[in-house]
Each structure stands twice: as C-alpha cells, then as structure tokens.
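Encoded as structure tokens, the structure appears first; notes follow it.
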Amino acid sequence: MFVSYKWLQDYVDLSGINATELADKITKSGIEVEGVEKKSEGLKGVVIGHVIEREQHPNADKLNRCQVDIGAENPVQIICGAPNVDKGQKVAVATVGAVLPGNFKIKKAKLRGEESHGMICSLQELGFESKLVSKDYATGIFVFPNDVEVGKDALEELGLSDEVLELGLTPNRSDALSMLGVAYEVGAILGREVKWPVIEKEEATEKATDYISVKVEAKEDNPLYIAKFIKDVKIGPSPLWMQTRLMSAGIRPHNNVVDITNYILLEYGQPLHAFDYDRFGSKEIVIRRAKDAEKIVTLDEAERTLSPEHLVITNGTEPVAIAGVMGGADSEVKNDTTNIIIESAYFAGTVVRKASKDHGLRSEASARFEKGVDPARVREAGERAAQLIAQYAGGTVLQGAAEVDELIMEPAVISITLEKINTLLGTSMTVAEVESIFKRLQFGVELDNETFTITVPTRRGDITIEADLVEEAARLYGYDNIPATLPIGSATPGQLTDYQVKRRKARRTLEGAGLYQAVTYSLTSEEKASQFALETRESIRLAMPMSEERSQLRLSIVPQLLEVVKYNNARQLDSLALYEIGSVFFKQDGQELPDEKEHIAGAITGLWEAHLWQGEKKPVDFFVAKGVIEALFDTLGLADQISYRQAEINDMHPGRTAEVLLNGDVIGFIGQVHPTVQKDLDIKETYIFELSLKALSEAEVAPIAYETIPRYPSTTRDIALVVDQATKAGDIQDIIEEAGGKLLKEVSIFDLYEGERMEEGKKSIAYSLKYFDPARTLTDEDITKAHEKVLEAVKEKAGAELRG
Amino acid sequence: MMQERLLELQEEALQKVAAASELKELNEVRVAYLGKKGPITEVLRGMGKLSAEERPKIGALANDVREAIATKIEEKQKALETAAVNAKLATETIDVTLPGRPVNKGNLHPLTRVVEEVEDLFIGMGYTVAEGPEVESDYYNFEALNLPKSHPARDMQDSFYITDEILMRTHTSPVQARTMEKHKGQGPVKIICPGKVYRRDNDDATHSHQFQQIEGLVIDENISMSDLKGTLDVFAKKVFGQDREIRLRPSFFPFTEPSVEVDISCKICGGKGCSVCKQTGWIEVLGGGIVHPNVLEMAGFDSKKYSGFAFGIGVERIAMLKYGVDDIRHFYTNDVRFLKQFNHHEA
Ligand SMILES: [Zn+2]
C-alpha cells in the first residue's frame with residue numbers, strides 16, 4: 001500500500017510531523033514502512049508552459065518547432081518530437097538548466113539547425129513508470145487541463161513533490177489497505193481525530209429501482225449488494241488532482257468514472273465496479289455461482305471458462321463480471337457511455353480468492369475482498385462514488401439504490417483484565433494507560449473495576465480474541481517500554497539426546513580426520529535422486545517442481561557431493577576431503593510420510609598427504625577412505641561390530657568397492673567411483689562412502705570398563721602365510737582370532753607381498769600375533785601350543801602354507 | 001729430592017693436559033703419567049730408601065699429585081667431549097622456518113557452526129534440542145499452527161507440495177507442534193528446533209529454496225513477552241557480541257499473538273545508520289511472539305493456565321551477518337576456499 005503524505009492530511013492532522021517521522025512512528029507501532037519516496041528528489045526546473053505556436057521543423061518531418069510561454073518575459077523556442085504536441089496546450093517544460101531523472105541536465109541545443117531552449121516532457125521523462133501513464137499520453141507529451149497557471153512548478157502540479165510511504169502490510173492488517181484505515185492507525189499513534197469525507201447527497205426524484213433490480217442467489221457469498229444508478233454522465237478525464245493521487249498509489253488513470261471507482265477503492269478500501277447500463281443487456285442484476293463451463297470475456301479481452309466455484313454477476317442470463325475479480329468486456333464503461341450502474345458489494349473472501357487464483361487475476365479489488373472489506377463502509381463507499389461522479393462526470397444520481405442487504409454485522413465484543421495484559425507482556429501498565437490506548441484506537445471501551453469490555457469496530461476484523469487486544473496494547477504502549485526478563489519456573493535439564501551426541505561425535509571425528517563439512521540440496525534431478533542409493537527404493541517427486549534439476553528428493557547424498565567435487569575440480573582445487581550429514585528420503589508404501597533417515601557421506605580425492613619439500617606425496621586410495629570410517633566406528637564404539645564385504649554396486653569400481661556391515665546388516669558402502677562415471681563427471685579419481693547414521697546410532701555399545709594394565713610381558717610371533725590370490729586377508733584374520741583362543745590378544749598385518757617371487761596365483765600375507773595372559777608370564781610351551789592351533793586352522797580352513 | 005721430582009712431574013703432566021687437543025692425545029697423557037709404568041709409580045718405587053718419617057709425607061704428596069693430574073685430565077676430557085658434540089651438532093643445523101608436516105584437519109560448515117553455537121547456548125539455559133521430519137504433513141506444517149487451508153497467510157510462504165497433504169516443511173515450527181502434542185498438555189516445554197526448511201524461491205544472492213532455521217519454544221505458567229525479550233537479548237549478545245542491543249517491533253505470524261520482529265543494533269555503524277542497515281541503525285534478524293492460544297489448545301494445552309513464547313531464527317541470515325558473507329549461495333556451493341575459512345575458535 002502506497003500512502004501519499006499530502007492525501008493522508010485530508011483525514012488526519014499531520015501538523016508538526018514530517019513524512020519521515022511519521023514513517024518511523026508507524027513502523028514502531030506495527031506496520032512496517034518499507035520506504036518513503038519523494039519522486040521530485042533531485043529534479044528541478046520543470047514549469048508549466050503554454051504552446052502558443054507550433055509549426056513543422058523546416059528541416060525535419062518528425063520534429064515540431066514550438067514557441068512556448070513559460071511565464072518569462074519572452075516565449076522560448078523548443079524543438080519537440082512528440083506527435084501529440086499542439087498549439088494551445090499547457091505542457092510540462094524542462095527549461096534550460098533543469099535536471100530530470102537520472103541526473104539528465106537540460107542544456108540549450110541546436111536540432112537540425114534550429115535552436116531549442118528546453119524540452120517538453122512526457123510523464124515517463126519526469127520519472128513516472130510507463131504502466132502508470134494514462135493511455136492518452138502513453139506515447140507523447142502530457143497535456144495539462146487548461147486551468148493550470150503558466151510558469152508554475154509542474155512537478156508540484158503533478159504531485160511529485162509529495163512524499164509517498166510504502167507500507168509493508170502483513171495479512172492481518174488489511175484494514176490499512178485504505179487511506180481511511182491508515183488514518184485510523186495514524187490517529188491512534190498520534191492521538192488525533194479521524195475526519196471522514198463529507199458526502200453531499202443530491203439525488204433526483206427518479207429512483208434507481210425504476211431502472212434496475214438486484215437478486216442474489218448465493219447469499220453466503222454475497223450478503224450485501226448495492227447498485228447505484230447515475231444517468232447522463234459524460235465520460236472524460238478525471239481532475240488532475242485525482243489522477244496524481246491515483247498515480248501516487250500505483251494506479252493508472254483511465255477516465256473520470258473508472259478513476260472515481262479506483263479513488264474510492266483507495267479511500268475506503270471498498271472495491272467498486274461500474275457497468276454501462278445500456279450495454280448491460282437487461283434490467284436485472286442476478287448474482288449467482290457460475291454454471292459449469294460457462295464463459296465470460298473479461299475486460300482484458302481474455303475468454304475465461306468458469307466453474308460453480310466462482311461467483312458471477314449476471315444480467316439474468318449471462319455473466320457480466322466475475323464477482324470481486326474483474327468485469328466483463330461487454331458492459332465496460334466506454335467513451336460514449338451515458339448511464340452507469342455502480343456496484344458496491346460485500347463478497348466473501350474465499351470465493352473471490354478461488355476465482356482470482358484460478359484465473360491468475362490478482363487485482364487491487366480481489367486483494368481487498370480476499371482479506372475481507374469492512375462491511376460498515378460498503379454503503380457509504382457507493383454513495384460517495386455516486387456523488388463524485390455527479391460532480392466530475394456530470395449526470396444525475398437517481399434516488400436510493402437497487403439492493404439486497406442481508407448482512408448481519410456484529411462487532412466483536414471481547415473482555416480482558418488488566419492483569420491478563422500485564423502478565424502476558426511482563427509490564428505494569430495502569431488502567432488509565434490501557435484505557436487510553438483503546439480509546440485512541442476508537443474501540444468501544446467499558447470498564448468495570450479492572451476488566452475492560454471492548455467493542456471492536458468492523459474495520460478491524462483481525463481482532464477476535466484477548467490476545468489480539470494484548471497486541472494492540474503492546475504496540476501502542478511501545479515494545480521499547482517492555483522490560484527484558486528471563487523465564488522463571490521449574491528448572492529443566494538442558495541436554496542433547498544420545499543420537500545428537502553421536503552425530504556431533506561423528507562430525508568431530510571426520511573433521512579430525514581432515515574432512516570438511518559440506519551442506520548440499522535435498523532436492524535433485526530424477527536421475528541423480530537414486531544414483532548410489534544404499535537401498536533400492538522408490539524416490540519421491542514434488543507435485544510442482546520449479547525445475548527438473550530440483551524435482552526429486554534424494555535417496556543418497558553422494559551425487560551432490562560429487563557435484564561439489566566437480567565444482568572444485570573445475571577450479572583447480574584437486575585435493576578434497578568432504579563429508580555431509582543429511583537426510584535421505586525413501587517412499588514408504590501405505591505411509592503418508594516418507595522414511596526419512598540421516599546418512600553420513602564422504603568424498604575424498606587428490607592427495608591425502610603432501611609434504612612436498614620433503615618429497616612426500618600420498619594420493620588418496622581405498623584404504624585412506626577406509627581408515628576414515630574405521631576411525632568413525634572406533635569413536636562410536638562399534639569397531640568390533642563392523643565388517644566389510646567385497647561388493648558390486650552400480651557406478652562404483654567393481655574391484656574396489658565394499659559393503660559395510662554392522663552385525664551382519666548392510667549399513668553402507670565404500671569404494672572408488674567407477675572410472676566411467678568419473679570421466680563423465682569430469683572429476684579426478686574419487687573415493688566415496690555413505691553410511692546410515694541412524695543404523696550406527698541405534699547399535700548397542702559396550703560400556704567402558706577398565707582393564708588391568710598388563711603386569712606380565714607379552715610375546716609376539718610373526719608368521720608369513722602363502723595363500724591363493726583371491727583369499728581375503730580379513731577372512732584369515734577371523735580364522736586366526738578364532739583359533740588363537742584366550743591367550744591371543746592382538747593380530748595385525750605387517751606385510752603383503754604379491755610380487756614376482758611368488759608362485760603364480762598366490763600371495764603372501766604376514767601377520768604379527770601377540771600372546772598374553774594377565775595372570776602370569778607365558779611359557780614357551782603355552783605359546784607354542786596356542787600357535788600350533790593357529791597354524792593348523794589357517795592351513796585347514798584357508799589352505800595357507802607357512803612361507804619358507 | 002723425591003719431593004721436587006714429584007712436583008716437577010705434576011708440572012710437566014699438567015702442561016701436557018693443557019696442550020692436548022684431542023681425546024686420543026689426552027689418553028696418552030693419562031697412560032704416560034698415571035699408568036703402572038709411569039714416572040710417578042717409578043718415584044714411589046724408590047720410597048724404600050726413605051726414612052720412616054719421610055715415607056708417609058712423600059706417599060701423601062704422590063697421591064696429591066696423581067689426584068691433581070687425574071682431575072685436570074677429567075676436566076679436559078669433558079671439555080673435549082663437549083667440543084666434539086658441538087662440532088657434530090653444528091653440522092646438523094636445519095632451517096626452522098621451513099613449514100612443518102601438515103596434519104589433515106577439517107572443519108564444520110559455517111551453518112552447522114552457528115547451529116551448534118546456538119544449541120549450546122540454549123542447552124545451558126535448560127532447553128533440549130528437538131528435531132522432526134523435513135517432509136511434513138499439511139496438518140503439522142500449517143493447520144496445527146493456526147493456518148487452516150483457506151488462511152490468506154499461506155501465500156506468505158509458497159511451498160513445495162508432494163501431495164495435497166504432504167509437503168517439504170516451510171519452517172521448523174511443525175517440530176514445535178509435534179513436541180507440544182507429546183507433552184500432552186503438561187508444561188514446562190523448553191525446546192529449540194534446528195533444521196532444514198524449503199520454500200518456492202528462485203535461488204539468488206539473498207534467496208535459497210533450501211535454508212536452515214532454529215526455532216525456540218517455551219511453554220510454562222506466566223511466560224511473557226518480556227521473557228522473550230530477555231531471552232533474545234541473551235542470544236543476540238552471545239552470537240553477535242556483548243555490545244549489541246535488540247529492539248522488538250510489532251509484526252504478524254499466524255501462530256503467535258502478539259507477534260514481533262526482532263532487530264539487533266548495527267555493528268558496522270554502531271546504530272548511526274549505514275548502507276548495511278539501510279540507514280536505520282538496526283538489522284532485522286528474527287521473528288517471534290507469544291504463542292497463539294489456538295496453537296496451545298490444538299496441542300492440548302490449557303491456554304488459561306499456560307502461556308508461551310516462540311521465536312524463529314534464520315541460520316543463513318545469522319551466518320551472513322556474523323561472518324559478513326554476501327551471497328547465500330556460497331553456503332550451498334561448498335567451494336573449499338569458502339569452507340576452509342571457518343576453521344578456528346573465536347573468542
Ligand atoms: Zn549500520
């Protein structure tokens with residue numbers, strides 16, 4: 001809502017307070033003023049001129065040579081290219097030395113050999129947006145009405161020296177979608193009175209009902225419909241002051257009748273519609289729901305198909321307007337219109353909202369109906385419009401109106417105690433302070449001891465409960481005056497849940513391992529949504545995506561991380577170690593909501609260790625990535641419950657990928673991105689992992705229990721085993737651990753040899769076995785006995801031979 | 001005679017010790033003078049010729065001489081050894097200004113950094129951290145928050161629907177609704193709800209279709225607007241600095257009444273007005289208010305007995321203000337040159 005500072009003074013006294021101060025006060029007490037604009041800021045030197053002579057430029061077909069009286073001693077010569085300039089016009093002249101928008105300075109010039117002392121301006125050249133310029137002057141200069149005084153400041157005449165406040169209205173404050181509504185707000189803030197426009201009713205003896213009748217078939221949608229009738233009008237431009245006010249509010253002037261309906265819309269917040277009576281097609285206005293597939297051609301010349309969800313105004317047979325949204329082209333007021341019906345009605349917000357949404361027609365009118373107009377102003381708005389039309393378009397207002405009025409107007413009555421207000425705000429306001437606030441708002445106030453009974457005017461439809469009154473009290477008392485305290489009450493333990501603690505531990509561990517946390521989008525393309533998914537389940541699509549790129553909910557984090565790798569690789573950032581913790585979403589049959597789980601994913605590429613001046617360089621490989629997740633499992637206390645299984649997963653390197661199992665269940669994978677995928681993405685060799693954080697967090701973890709520090713020495717025996725190439729080191733380790741019994745405390749691999757000195761198809765793995773008994777020093781015999789069992793087991797179960 | 005000879009030998013030996021420049025040389029002196037075949041032993045062999053009175057005197061003197069020589073040799077040996085070590089170490093000198101071997105070290109994403117900081121602050125004030133699904137039902141996302149299907153305020157946040165009843169949550173408030181429901185009308189409730197949220201916005205420097213929020217909710221008897229003001233004051237000072245002030249302005253949200261918009265004083269200009277704060281001296285950081293009685297009642301709380309406050313913080317907005325980030329898209333591009341900047345503890 002744009003509010004002209006000058007116009008507002010018609011309704012409330014603003015003396016002693018300038019536009020900027022007013023804006024600040026309005027903002028502080030509840031409606032955010034997003035800006036104060038003075039359109040004439042930086043402009044100067046534009047005066048009203050009178051074109052006393054116009055002839056064609058001797059050397060140019062499309063130019064005019066004009067002599068213009070600008071109120072100076074002598075007229076000046078101005079060369080003007082506008083097609084509509086003519087002798088006798090009053091125009092805006094930017095004189096030599098003038099400054100126009102964009103710091104455009106007017107200088108004396110010579111155009112095709114003829115001197116030009118200034119410029120005759122179009123409204124656009126003076127800073128008006130094209131969409132606000134009346135169609136009459138859209139492609140030429142603006143012509144003033146003849147009664148303006150030559151030499152006067154044209155910017156002033158065009159309302160540009162006014163200041164306009166832009167209000168950012170929240171949906172509850174639709175009462176401020178009118179000048180009168182804003183006046184009430186300002187009146188309450190300043191403690192000043194609101195002055196209503198005075199309507200001088202002058203009506204003919206002839207009655208409106210002699211010409212037209214109204215029938216409402218959908219009374220829930222339209223409980224009040226008033227049709228005023230004005231005879232013998234003459235369509236022409238509206239007065240300049242009205243046009244400039246409309247433009248300041250962002251509405252383009254058309255003609256006197258349409259402008260007046262728009263003016264009332266701005267003044268009262270009540271949308272009106274004017275029908276050409278002679279083109280209406282009947283003497284009967286019937287308001288009803290549209291029939292299925294019924295059609296109407298609206299003012300914008302579009303044919304629209306209606307449905308029973310839309311409310312229409314009809315002439316008894318055909319729709320002539322979509323109620324509250326837009327009129328029909330057939331009954332539009334045109335230059336030759338003489339008899340007019342003015343519609344002033346109350347339409348329900350929901351039905352207007354439905355139609356405006358279905359037809360993509362958001363207008364000043366529909367916006368107001370949707371949020372609810374003040375039922376108390378409907379009648380008066382129609383009266384005022386009729387009076388203004390008689391005043392500015394000639395014509396006679398017929399007596400009364402054709403109407404249906406079944407509107408039940410019940411203002412809200414709410415009781416509230418002083419204590420309630422003070423308790424909810426933490427204030428200590430007095431009865432007098434609160435009473436004064438409600439009175440300034442012009443609410444009805446009855447006071448019984450410390451209980452207020454408030455009658456809320458219908459213009460404030462947003463106030464229905466106690467809390468709404470508390471808000472009114474708070475905002476006018478001033479939030480700056482509310483103290484700052486902390487809640488007192490029963491103490492509550494503040495803590496993270498076990499899951500949240502584990503997630504933080506996971507973050508710390510991965511960061512400690514050198515990974516940076518990334519955050520990517522949950523929405524992705526259909527193709528990427530299911531790539532690298534840990535579980536092959538259906539993904540979820542948005543009903544109306546903004547783009548294909550963000551149309552699907554991800555099943556895996558990896559594709560997004562690979563995008564991050566790609567982005568960085570493309571910027572010569574080759575060594576990357578990234579992780580992300582985020583949700584993935586699986587469709588669940590029979591359930592409304594998806595199965596949403598948090599996963600941990602990582603992507604590592606480039607060099608892992610690099611200490612170049614010492615010649616150290618270690619590229620990332622599978623085991624680097626594996627080391628990272630092993631550290632994670634260790635931190636979470638799950639190292640013993642995790643195992644790995646060689647696996648083939650789509651888009652992963654077939655020989656360098658493993659599934660990660662937690663107590664035998666697959667909870668993730670790790671491996672190298674398939675070289676083909678890597679090439680397609682144009683990234684470097686990359687290792688990735690993705691694990692279910694949910695599964696990891698749910699596993700049972702053994703509590704920490706102190707173990708005695710060994711008092712007796714341990715003994716280490718090393719063995720090198722020759723096995724088949726395909727035998728897994730992990731399997732052999734399992735066999736050793738099982739066979740070694742209680743005395744075997746630790747098994748570690750210290751060498752792997754697959755070189756040419758081995759027999760074809762064989763490899764050698766060297767294990768170091770540590771034997772130890774907490775209660776005594778082991779004898780050679782003890783150890784040998786245990787060790788023999790190990791050797792037997794590996795031979796039998798893995799076909800392993802001791803390497804000679 | 002013997003006396004003179006011994007003193008002469010001492011003199012001679014000490015000169016040789018002093019002159020020795022290598023351990024080997026010194027050792028030769030030791031063997032030569034203190035060895036079994038050395039001159040002092042020789043002298044002592046001739047002691048038989050002496051009188052009983054003289055014998056102990058000469059014996060004592062001989063011992064003193066031996067002692068003196070041995071001590072000097074010892075001293076000299078230490079000196080030579082130290083010199084030898086020093087000489088060796090001198091050859092081992094390195095350039096200490098060369099860089100050390102890097103230790104791999106990652107860090108949190110700036111958004112998570114803000115979230116953890118805020119979580120810790122509120123945990124310290126007795127809050128727990130509540131979380132909920134990012135795909136929500138229309139009921140929890142809107143209806144339970146006093147936003148029935150026809151409510152005009154639904155326009156304020158155009159949403160990504162999946163079906164008519166399911167959507168990507170547009171705020172973390174549904175977590176509040178779910179938590180309140182679990183409390184079955186029993187206070188107190190003190191939670192903060194961090195999480196990702198989604199709105200139909202085109203991504204540009206200031207908009208992102210995905211962003212993060214932290215909402216807070218306190219329900220108890222006698223919770224007031226002043227409690228909200230005090231709580232947010234603590235928040236602002238912790239996150240933005242002790243010298244920052246907050247200001248409440250009336251606003252509108254369907255789930256709170258009264259509702260407020262909260263500004264913090266501009267750090268750049270100290271409140272005088274600058275381009276960052278659009279000349280106002282204040283920067284809008286969050287919204288909040290007193291929980292709407294409908295919201296309390298829908299979740300099973302008696303709005304006559306209980307009241308509450310709620311607030312919502314935009315994590316990106318906080319991070320942008322706190323670290324001076326000028327484009328919201330940086331948070332989601334994950335350029336490592338960006339990520340690596342959030343790597344150290346700030347006081
Ligand atoms: Zn500033």
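Bear in mind that the values here come from a model prediction, so they are computed numbers and not experimental data. In what follows, chains carry the letters A, B, and so on, assigned in the order in which the sequence lines appear, proteins first and then strands, with residues in each chain numbered from 1.
- When heavy atoms are compared at a cutoff of 4.5 Å, E116(B) approaches chain A by way of both its backbone and its side chain.
- Residues R101(B) and E616(A) are paired through a salt bridge, judged by an N-O separation under 4.0 Å between the basic side chain and the carboxylate.
- The contact between N202(B) and chain A is made by backbone and side chain atoms together, counting heavy-atom distances below 4.5 Å.
- Using modelled atom types, no side-chain atom of D335(B) and backbone atom of N568(A) make a donor-acceptor pair closer than 3.5 Å.
- R504(A) and D120(B) are joined by a salt bridge, as a carboxylate oxygen and a charged side-chain nitrogen come within less than 4.0 angstrom of each other.
- Evaluation of the salt bridge (charged side-chain N to carboxylate O under 4.0 Å, His left out) rule for K196(B) yields no partner, not counting sequence neighbours.
- Under 3.5 Å, the side chains of Q500(A) and E131(B) contain a donor-acceptor pair of N or O atoms.
- With chain A as the partner, the residue from I246(B), D220(B), N343(B), L339(B) showing the most heavy-atom pairs under 4.5 Å is L339(B).
- Residues N334(B) and E563(A) have side chains not in contact (no heavy-atom distance under 4.5 Å, counting atoms from C-beta outward).
- Between L553(A) and I162(B) there is a side-chain heavy-atom pair separated by less than 4.5 Å.
- Chain B forms more heavy-atom pairs under 4.5 Å with one residue of A474(A), P594(A), A491(A) than with any other, namely P594(A).
- Partners of F369(A) under the ring pair (Phe, Tyr, Trp, His ring centres under 6.0 Å) rule, at least two apart in sequence or in another chain, are F347(A).
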Inset, instruction - Decide yes or no on side-chain contact (heavy atoms from CB on, under 4.5 Å) for D203(B) and Y521(A), but give the supporting numbers first. - result: CA-CA 12 Å; D203(B) 297 337; Y521(A) 296 133; 3.6 Å; yes

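- Side chains of T520(A) and Y332(B): a donor-acceptor N/O pair is absent below 3.5 angstrom, by distance only.
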